[in-house]
Protein chains: 2
Amino acid sequence: MQKKVRIIDIAKMAGVSKGTVDRVLHSRGNVSEAARIAIEGVLEKVNYKPNIHVSAISLKRSYKIIVTTPEISLGAYWESIHNGIHHALEEYENVKIELQVFTYNQYDIYSCRHIFEKIAGFEMDALIVGPTFPEETINLCKKMDDRDIPYIFVDSTIDSTAPLAFYSADHYVCGFMMAKLITSIIPENANIAIFQAVRTGDKSANTTVLRKKGFTDYLENNRCSNLILTIPFSVTAPEDNEMYLSRLFQSQREVPAIVVLNSRGNFIADYLEANHIKGVRMICMDLTAANVEALKKGQIDYLIGQEPEYQGFSSMKTLLEYLIFKSPVKKQNYVQLDIITRENVGFYKRFNNTVY
Amino acid sequence: MQKKVRIIDIAKMAGVSKGTVDRVLHSRGNVSEAARIAIEGVLEKVNYKPNIHVSAISLKRSYKIIVTTPEISLGAYWESIHNGIHHALEEYENVKIELQVFTYNQYDIYSCRHIFEKIAGFEMDALIVGPTFPEETINLCKKMDDRDIPYIFVDSTIDSTAPLAFYSADHYVCGFMMAKLITSIIPENANIAIFQAVRTGDKSANTTVLRKKGFTDYLENNRCSNLILTIPFSVTAPEDNEMYLSRLFQSQREVPAIVVLNSRGNFIADYLEANHIKGVRMICMDLTAANVEALKKGQIDYLIGQEPEYQGFSSMKTLLEYLIFKSPVKKQNYVQLDIITRENVGFYKRFNNTVY
DNA sequence: TGTACCTTTGTGCACGAACACAGAATTATT
DNA sequence: AATAATTCTGTGTTCGTGCACAAAGGTACA
């Protein structure tokens with residue numbers, strides 16, 4: 001273990017005072033060409049790593065960070081993301097961080113547009129975005145780019161933007177894997193119903209599109225000739241959903257398997273239970289409280305987890321280390337796709353009851 | 001956010017100096033009854049949390065920690081555990097920690113006995129143990145208990161010991177889940193071969209025993225009448241293994257599925273490839289480099305991961321926080337049992353290429 | 001030459017816990 | 001009662017960084 005290089009050591013080597021080194025390290029300006037070159041020369045020779053503990057103590061300035069995501073429902077996906085974000089803040093409790101959270105209705109493009117336009121004008125040091133609508137997100141990001149404000153995506157990433165980083169599942173692979181898992185537990189060529197959300201003012205969520213593509217590609221690649229029945233799912237008019245489901249089950253077709261490309265599997269589980277429909281295999285996204293319950297009861301066979309706590313935690317941690325220590329940032333971060341059954345579900349609760 | 005309570009604040013409230021508060025907080029003695037009671041009274045009212053950054057800076061003493069586990073092979077399970085341990089040390093690079101690592105041959109009880117007896121006499125502040133042989137581990141732990149040295153288990157836990165904590169998979173559930181997964185992808189009542197390590201001087205690893213129990217319990221609970229063929233696996237005489245496998249495949253029985261209760265699935269994959277045996281479904285433990293390769297080639301269908309990096313990381317982190325900050329410790333820590341397929345394996349490499 | 005202004009540089013303090021050390025208070029011993 | 005020994009307590013230093021502030025050096029202009 002080589003002995004640590006301190007700012008004062010660099011100063012001595014470069015023949016200046018620690019104040020000047022500090023100004024170069026933090027690009028604070030007011031440094032002569034000669035001094036800057038001397039210091040940069042030394043910095044290239046030695047491997048200076050600031051003592052993060054001392055930095056954290058000495059830091060006087062505060063940071064304002066804005067977080068915008070779809071609305072947070074209790075025990076659901078976005079709550080986990082926010083839990084992760086707050087968890088990261090706990091690690092930096094001695095740094096003054098002002099957090100502002102704005103949520104929008106992920107099924108209503110006007111809500112998103114309204115919130116994003118509001119945010120765009122605010123003062124901030126950085127932004128975390130849970131994107132849903134590509135166009136609106138691109139607009140917001142353009143404004144951030146102009147103002148040189150770094151932003152990080154969680155849950156998914158959007159093309160034609162320049163985020164500092166993103167934390168997201170590979171949604172295509174996700175759909176692909178769902179197809180493999182569901183077909184492995186149903187008879188060959190059995191019908192499969194796909195449950196998919198519809199939204200106002202836009203076609204479909206970018207995540208859902210990718211998952212569906214992955215799903216159908218798997219079936220094609222493996223020459224599966226299962227008949228795919230698509231059921232819409234409406235958030236704005238929830239009363240319609242029962243109708244969609246009854247139509248499905250009243251048709252003459254057998255429905256041995258249901259694939260839920262979003263996290264609303266518990267809704268279907270409830271319908272099946274209320275209508276005494278048995279023997280339907282089901283796979284669904286995300287370990288929401290309701291889904292976990294349905295999984296434990298055996299109504300859902302597989303849940304796919306995408307580490308929402310980790311996504312939130314890492315995006316905030318990455319951001320803070322970038323802002324405070326100018327740490328290098330890994331841009332593309334695909335998270336784990338956890339396959340969850342009633343057997344291993346109990347071990348997936350890291351952030352709920354303990355500290356990472 | 002309530003303002004932080006500092007040692008000096010507590011001192012003022014109790015009417016003493018910060019030095020005395022420090023002595024109480026660290027149980028350093030030399031404090032009068034009256035002062036101690038006054039300070040403890042204040043401590044109960046206020047929620048004092050030391051600033052870990054300042055603690056880390058101010059800490060002058062060093063800690064000696066011993067780690068003992070089975071031998072480390074490249075790209076294998078125990079290497080990941082040690083990676084996690086070192087990763088935790090990086091977070092505490094400013095704390096002086098002297099680490100000593102002792103490995104033993106996990107298939108040879110005499111090797112373990114020898115190492116454990118050696119370790120028992122050494123000076124140390126804490127111990128991390130990857131246990132294999134129950135008797136030997138109990139003996140070591142007894143000596144640690146007598147000397148008031150805290151120890152933490154990784155990989156598995158041993159009855160009749162009093163560890164500070166353990167990080168382990170629930171190996172029973174692990175075997176149970178393996179049974180469910182393998183039976184879901186093979187025909188009903190198909191034969192299943194189980195591949196199990198044998199060791200000198202002892203019956204079987206405690207982890208393997210638990211996994212096997214979970215496995216057979218699943219089959220019983222679900223009234224599966226699959227015929228189970230047990231194949232031994234010898235580490236001390238590896239030349240025998242080919243023979244065991246050829247006997248299996250030369251018998252008149254069909255072998256549609258192989259379950260590997262340890263992490264040596266790649267060995268079987270190689271055998272099958274060399275002998276042009278196809279169509280065998282296989283499930284195996286752990287994401288060793290060789291197993292991941294076999295998984296990607298399609299020779300293994302499922303791998304079960306047990307977060308070895310996290311186990312090592314957490315055990316060391318827990319230990320350090322206990323030693324340095326006297327943080328409370330959660331004793332029982334069952335890690336995730338990750339279900340890995342060729343689709344999601346690429347996302348399970350957190351510690352390999354990035355920092356948590 | 002004197003004043004105003006800007007650029008550049010060095011010095012010094014704050015952050016809060018850990019611990020060393022000196023000195024005060026109390027108890028024990030002669 | 002005087003001294004020695006012990007117990008107890010307060011003060012002061014240390015850690016390395018961030019940043020405020022003051023001062024020095026230089027340039028421009030009346």
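Naming convention: chains lettered A, B, ... in sequence-line order (proteins, then strands); numbering from 1 in each chain. Fair warning: this is a prediction, and the values are worked out from it, not measured in the lab.
A 6.0 Å sphere centred on CG of B/D146 holds more than 12 heavy atoms belonging to other residues, nucleotides or ligands.
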For nucleotides 7-10 of chain C, list the nitrogen or oxygen atoms of the protein found under 3.5 Å from its nitrogen or oxygen atoms, one pair per line.
| from | atom 1 | to | atom 2 | distance (Å) |
| --- | --- | --- | --- | --- |
| C/dT9 | OP1 | A/S32 | OG | 2.7 |
| C/dT9 | OP2 | A/S32 | N | 2.9 |
| C/dT9 | OP2 | A/S32 | OG | 3.3 |
| C/dG10 | OP2 | A/S17 | N | 2.8 |
| C/dG10 | OP2 | A/S17 | OG | 2.9 |
| C/dG10 | OP2 | A/T20 | OG1 | 3.2 |
| C/dG10 | N7 | A/R23 | NH2 | 3.0 |
| C/dG10 | O6 | A/R23 | NH1 | 3.2 |

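Within 4.0 Å of B/Y48, counting heavy atoms only, lie sugar-phosphate atoms of the nucleic acid but no base atom. At a threshold of 4.0 angstrom between heavy atoms, the contacts of B/H53 with the nucleic acid are absent.
Between A/Y92 and A/F325, the two ring planes are tilted [angle within 30° to 60°].
Contact check on A/R61 versus A/D125 returns a salt bridge, with a Lys/Arg side-chain nitrogen under 4.0 Å from an Asp/Glu carboxylate oxygen. In this structure, A/K64 does not pair ionically with A/E123, as no charged nitrogen and carboxylate oxygen lie closer than 4.0 Å.
Applying the side-chain contact (heavy atoms from CB on, under 4.5 Å) rule to B/D170 yields the partners A/F347, B/Y172, B/V173, B/Y334; only residues at least two apart in sequence or on another chain are considered.
Between B/F122 and B/F102, the ring centre distance stays below 6.0 Å.
Contacts between chain B and DNA chain D, taken as any atom within less than 4.0 angstrom of a protein heavy atom, begin and end at D/dC8 to D/dC15.
Using a distance-only test at 3.5 Å, with no hydrogens or angles considered, no donor-acceptor pair links the side chain of B/N47 to the main chain of B/K45.
Between B/R61 and C/dA18, a side-chain N or O to OP1/OP2 separation shorter than 4.0 Å is absent.
A donor-acceptor contact under 3.5 Å links the side chain of B/S58 to the base of C/dA17.
The residue from A/F166, A/Y151, A/Y167 that alone fulfils the side-chain contact (heavy atoms from CB on, under 4.5 Å) condition with A/S315 is A/Y167.
The separation between B/L59 atom CG and C/dA17 atom P is 14 Å, rounded to whole Å.
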